[in-house]
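In the text below, chain A, chain B and the rest are named by the order of the sequence lines, each starting its count at 1. As the structure is a prediction and not an experimental result, all values here were calculated from the model.
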Amino acid sequence: MKENISRCLDCDHKQNWIGTFHSQCNKILRKEIKAVGFKPDFAIYDDDDQSSLIRHILKEFNIYEALYKGVASRIGILKASMISPEDFLSQGDGFSFDEKLGRVYLRYQDELQRSNSLDYDDLVRLTVKLFDENPKVLHKYQEMFPAILVDEFQDTNRAQFRLLQLLAGKQKNVCVAGDDDQSIFKSKGSDTGNILNFEKEFPGTKVIKLDRNYRSTGNILKVSSSVIAKNIQRKPKCLQTDNLCGEKVFYCNLGSEEDEAKYVSRAIKDLYLKSNYEYNNFAVFYRINLQTKTLEDALREESIPYQVIGGTSFYHRKEVKDIISYVRLALNNNDNVSLRRIINSPARGIGSTTISKIEQEAKKNSLSLFKTLKSMLQTNGVAASFKDKLADFVKTIEDFSSRSYRSAADMIKDIVEKTGYLDELEEERIQAILELSSSAENIASRDFIDRVSLSSASDEAPPAHAVTLMPLHNTKGIEFPVVFIIGLEEGTLPYFKAFDNAAEMQEERRLLYVGMTRAKQILSLSSVKRRRVYSKIQEQEPSRFLADMPKDCCTWVERAQQKEKMVASSALHPPTKKAPSFIVGSRVKHPAWGVGIVRDCCGEGEEAKVTVNFPGIGLKRLAAKLANLERI
DNA sequence: AAAACTCCTCTTTTT
DNA sequence: GAGGAGTTTT
């Protein structure tokens, strides 16, 4: 984003703050947080940390622990709406489950305070608090930002809106861009009311309707518009385009997941060989990450390069999180979640009994676990048999804290070495830690940790020569010439958890809409008759959303009989059965580029198109008739 | 406290 | 079907 903006603007982009709400707030709070009662070395808890803290509290409160997800989500929405635990408790009747929820919420905030830690919502919440309570500080930042622009405004929540209002001050020099049809994070507390109320909060707003679509073909626009039009709660709009109708939207119903994966990868291969598309012009979208597995197998089978975006992120891997927890604990000794995580990994003989003793003591004195541990050691509050182990642990952490490392990588190496973390670890996990370490070169530990918790999938560089695989949730703001959306079945898209909730069902529809509108030229949809759900094979019904698509804009294959018909490109181009006239992997000689290796070949005789990799020159796609290739 | 076993869950997720 | 978390066993 920064690069794009500095390319477009002829000014020093370093003066502009460009980033997410959370990273901007982090930047402000690292400087100013003392004013709202935290220390500047605060840790940032991600969703995993948040979950483990909530589970811990539920256990303590004797509430069925498996509820933690629902509890986390409720608390998240409360925080995003800036409702404090006290507010929430005072609304309740004192008996219902909400009462319990309120107490968990209260305890959760208390635990964060004691750990000197912030969750994502706190980053925004505390910045709002800071500005509310400190007019001078607010003024400083208002002066700093004479104008503010917010993109993807439909995904903002109440707290973020409040922050915007504060920063905008009297000048109200604000520009926001958003589309309620693309709101796919309502369940995370984002509030399209921010769009609807904008004109009220900022009187005199000039509204510009962006109803011209410059991206997609007429057919794609028509079909996707018909899908989204069925949502009840939306601002009606009518998008127009000057683009040609283009190819019809393709839909195909296939037998199994494997068929679908094969169908997608063959279609990609066909289009790649027969037209001017590069692999990075293709994207495959799906509802849930599980769906990548079959797809990856099929792509590999066809030797199509691909890159998976999203999914279980690298930073969420157990071993990576462990090491990061060490770094965090070293930077902020009060980080209880990190301490709980690593106090006995690798195993150092500190078991649950010992830990719960420390927990009890910490609760009694309302201190962090680490501080409690230290004072217990001093006052001989520990059995002699554990004392050495605990003292050892404290010493190790304090050693990490006090050392000044040249880079986060140095710190990680030291941690791994001193704790023996790699001993008895599988090769794959060792590799992950080495990768973590190399990504931490030349960056201070503090900055590294912030980057780990605040960076996003969209920060990743787009793949140079690979097909993109990503979940629909990640597709906002990007576009591809060719898009495949797979798994349009009841239960998959819409996802079954949305079945009994009208609001969530509309969100599923928006999800599909966002995905469809990423396509510039070719859009291919598919569904499957049978899908393996966990370990059972299930009969699948086609998605209800398919019924809302105008068939005159589509090529519709309800029942794919012969395999050859299942390839989308056979509808787009006449099928040519190919007998390769150049064998993949063989060597050929070109008059200008010399010797290369055939990577791909399609068509036969003079019609053949050959893809050859010439060392030092790169990939070339050649028509056999013209290229004058010599087999060697 | 470590090892073995059983159970459970299994969206998406900006940060 | 797999991986993680929790529980029981040694």
To the nearest 0.5 Å, atom CG of A/D181 lies from atom OG1 of A/T517 at 9.0 Å
Whole angstrom is fine here: how far is it from CD in A/Q154 over to C1' in B/dT14? 11 Å
Could you state the atom-to-atom distance from CD1 of A/I288 to C1' of B/dT12 in whole Å? 10 Å
Which one, B/dC10, B/dT14, B/dT12, comes nearest to the side chain of A/D47? B/dT14
Between B/dT12 (P) and A/Y495 (OH): distance, integer Å: 7 Å
Is the side chain of A/E260 donor-acceptor paired with the backbone N or O of A/L254 at a distance under 3.5 Å, no angle test? no
For A/D132, all residues meeting salt bridge (charged side-chain N to carboxylate O under 4.0 Å, His left out), sequence neighbours excluded: A/R162
Distance in angstrom units between A/L493 CG and B/dT12 P, rounded: 14 Å
How close or far is atom C1' of B/dT12 from atom CG of A/D48, stated in whole angstroms? 15 Å
May I ask you to decide if A/K186's main-chain N or O and A/E507's side chain share a donor-acceptor pair within less than 3.5 Å? yes
Heavy atoms under 4.0 Å, any strand shown: does A/Y64 hit a base, just sugar-phosphate, or nothing? sugar-phosphate
Report the residues that fulfil side chain to side chain contact (heavy atoms under 4.5 Å, CB included) with A/K230, sequence neighbours left out, ordered by chain and then residue number. A/R509, A/D548
Validation row: A/Y120, A/S453 side chains within 4.5 angstrom (heavy atoms): yes
CZ of A/R531 versus C1' of B/dC10: gap in Å, rounded? 15 Å
In whole angstroms, the gap separating P of B/dC8 from OH of A/Y68 amounts to 14 Å
Using Watson-Crick or G-U wobble geometry with both distances below 3.5 Å, tell me the partner of B/dT14, or none. none
Could you pick out which residue, A/E507 or A/A66, lies toward the 5' side of DNA chain B when each is mapped onto its nearest nucleotide? A/A66
Using a 4.0 Å heavy-atom cut-off to protein, can you give one letter per nucleotide of nucleotides 1-10 of chain C, 5' to 3': B if the base is in contact, S if only the sugar-phosphate is, - if neither? B--SSS----
Taking atom types as modelled and ignoring hydrogens, do the side chains of A/Y513 and A/N231 form a donor-acceptor contact shorter than 3.5 angstrom? no
Residue A/A347, side-chain atoms from C-beta onward, closest of B/dT12, B/dT11, B/dA2: B/dA2
Side-chain N or O of A/N289 less than 4.0 angstrom from OP1 or OP2 on B/dC10? no
Name the nucleic acid region contacted by A/K69, choosing base, sugar-phosphate or nothing; use a 4.0 angstrom heavy-atom cut-off, strictly under. sugar-phosphate
Judged by each residue's nearest nucleotide on DNA chain B, which is more toward the 5′ side, A/P471 or A/I350? A/I350
How close or far is atom P of B/dT14 from atom CG of A/D46, stated in whole angstroms? 11 Å
Which is true for A/F185 with a 4.0 Å heavy-atom rule: it touches a base, it touches only sugar-phosphate, or it touches nothing? sugar-phosphate
